[in-house]
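See below for the structure under consideration.
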Amino acid sequence: MFEARLVQSSILKKVLEAIKDLLNEATFDCSDSGIQLQAMDNSHVSLVSMNLRSDGFDKYRCDRNISMGMNLGSMTKILKCAANEDVVTMKAQDNADTVTFVFESPNQEKVSDYEMKLMNLDQEHLGIPETEYACVVRLPAGEFARICRDLSQFGESVVISCTKEGVKFSSAGDIGSANIKLAQTSNVDKEELAVTVEMQEPVTLTFASRYLNSFTKATSLSNVVQLSMSPDVPLVVEYRIGEIGHIRYYLAPKIED
Amino acid sequence: MSQTSITSYFSKR
């Protein structure tokens with residue numbers, strides 16, 4: 001039997017919002033340590049890796065490891081039926097072919113349950129090597145979303161170059177070119193407004209802007225986003241999910257022909 | 001510029 005109860009259904013709603021543009025379906029791998037998801041987008045250019053730790057749930061029970069193949073479009077429809085302040089419980093019998101979502105209103109006067117068929121998805125997990133990144137940038141998530149949106153008007157690629165001074169985002173296309181430079185902030189009162197750069201060596205990489213924009217659908221999950229880069233390896237865009245976990249997007253770079 | 005694939009960096013387990 002698998003049962004996971006979350007007081008804030010908004011977390012699960014935001015998680016779905018963050019992945020449903022990139023992925024049509026994904027497997028939720030549940031074990032006693034929590035729920036993990038790893039899936040590539042259809043074009044195999046990006047990879048989503050999400051982790052929700054069991055201790056972040058109000059109630060979590062997983063008698064046997066269970067992998068639930070979910071159609072994310074259907075799951076989004078079901079989660080739209082939950083109010084933000086509802087308590088959500090996901091539950092499934094061992095080797096079940098359906099999963100049930102139960103939404104309880106705060107005063108318990110309204111309880112809804114939705115049963116969804118599970119899919120048989122082939123499990124192709126990729127090994128992600130531990131990497132010491134040459135540059136790790138932390139910046140306000142809203143700022144990053146704004147930059148990606150503004151630059152995507154200029155071209156289909158964004159060049160991200162990181163030096164000890166700061167990080168520069170550039171794009172060029174038919175209408176012209178654009179550069180956005182963010183300097184490291186010196187002393188900000190609020191951590192989540194800071195721009196920090198930890199640099200081992202300068203890095204410049206090029207990425208497709210439409211994937212960066214898809215990643216920023218996770219902005220509602222966290223005030224801060226972390227970008228990790230090393231020469232010739234995928235970019236990592238990471239958003240924390242409250243105290244319960246994280247969502248990491250890996251994006252393969254574009255290279256000179 | 002040509003787009004590379006994520007599978008050329010991360011191997012299937």
Side-chain angles (χ1 to χ4, degrees), chain A residues 22-23 27 29 36 38-49 67 122-131 133 155-160 170-173 204-212 214-215 228-237 248-257, chain B:
Chain A
L22 270 177
L23 311 172
T27 300
D29 293 310
Q36 303 205 310
Q38 189 204 82
M40 285 185 281
D41 72 272
N42 292 334
S43 56
H44 288 193
V45 167
S46 69
L47 177 80
V48 181
S49 171
S67 288
D122 61 332
Q123 292 265 9
E124 46 170 350
H125 273 57
L126 298 187
I128 300 171
E130 280 302 310
T131 308
Y133 285 96
E156 59 187 23
S157 300
V158 173
V159 179
I160 307 180
S170 308
S171 184
T204 297
L205 290 169
T206 303
F207 300 101
S209 43
R210 75 184 184 89
Y211 290 95
L212 295 174
S214 296
F215 299 168
S228 304
M229 295 198 303
S230 277
D232 306 321
V233 298
L235 164 73
V236 191
V237 180
R248 283 190 192 120
Y249 300 97
Y250 295 84
L251 178 55
K254 297 178 95 167
I255 54 174
E256 292 295 342
D257 289 321
Chain B
M1 301 292 273
S2 52
Q3 177 65 60
T4 60
S5 162
I6 202 83
T7 48
S8 47
Y9 302 90
F10 299 155
S11 53
K12 285 190 174 36
R13 271 191 318 213

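Each chain gets a letter, A, B and so on, in the order its sequence line appears, and its residues count up from 1.
- Between B:Ser5 and A:Ala252 the shortest heavy-atom distance is C-CB, 3.8 Å.
- Here A:Met40 contributes atom CE and B:Lys12 contributes atom NZ; the two are 4.5 Å apart, rounded to the nearest 0.5 Å.
- Among all heavy-atom pairs drawn from A:Leu47 and B:Phe10, the shortest one is CD2-CD1, 3.9 Å.
- Within the 4.5 Å cutoff, side-chain heavy atoms of B:Ser2 are placed close to those of A:Ile255.
- In this structure, B:Gln3 and A:Ala208 approach most closely via the heavy-atom pair OE1-CB, 3.7 Å.
- Looking at A:Asp41, neither its backbone nor its side chain comes within 4.5 Å of chain B, counting heavy atoms on both sides.
- Heavy atoms of A:Ser46 lying under 4.5 Å from chain B belong exclusively to its backbone.
- Across every non-hydrogen atom of A:His44 and B:Thr7, the tightest pair is ND1-CG2, 4.1 Å.
- Within the 4.5 angstrom heavy-atom criterion, only side-chain atoms of A:Glu124, from C-beta onward, approach chain B.
- Remark: side-chain polar atoms of B:Thr4 are paired, donor with acceptor, to backbone N or O of A:Pro253 under 3.5 angstrom.
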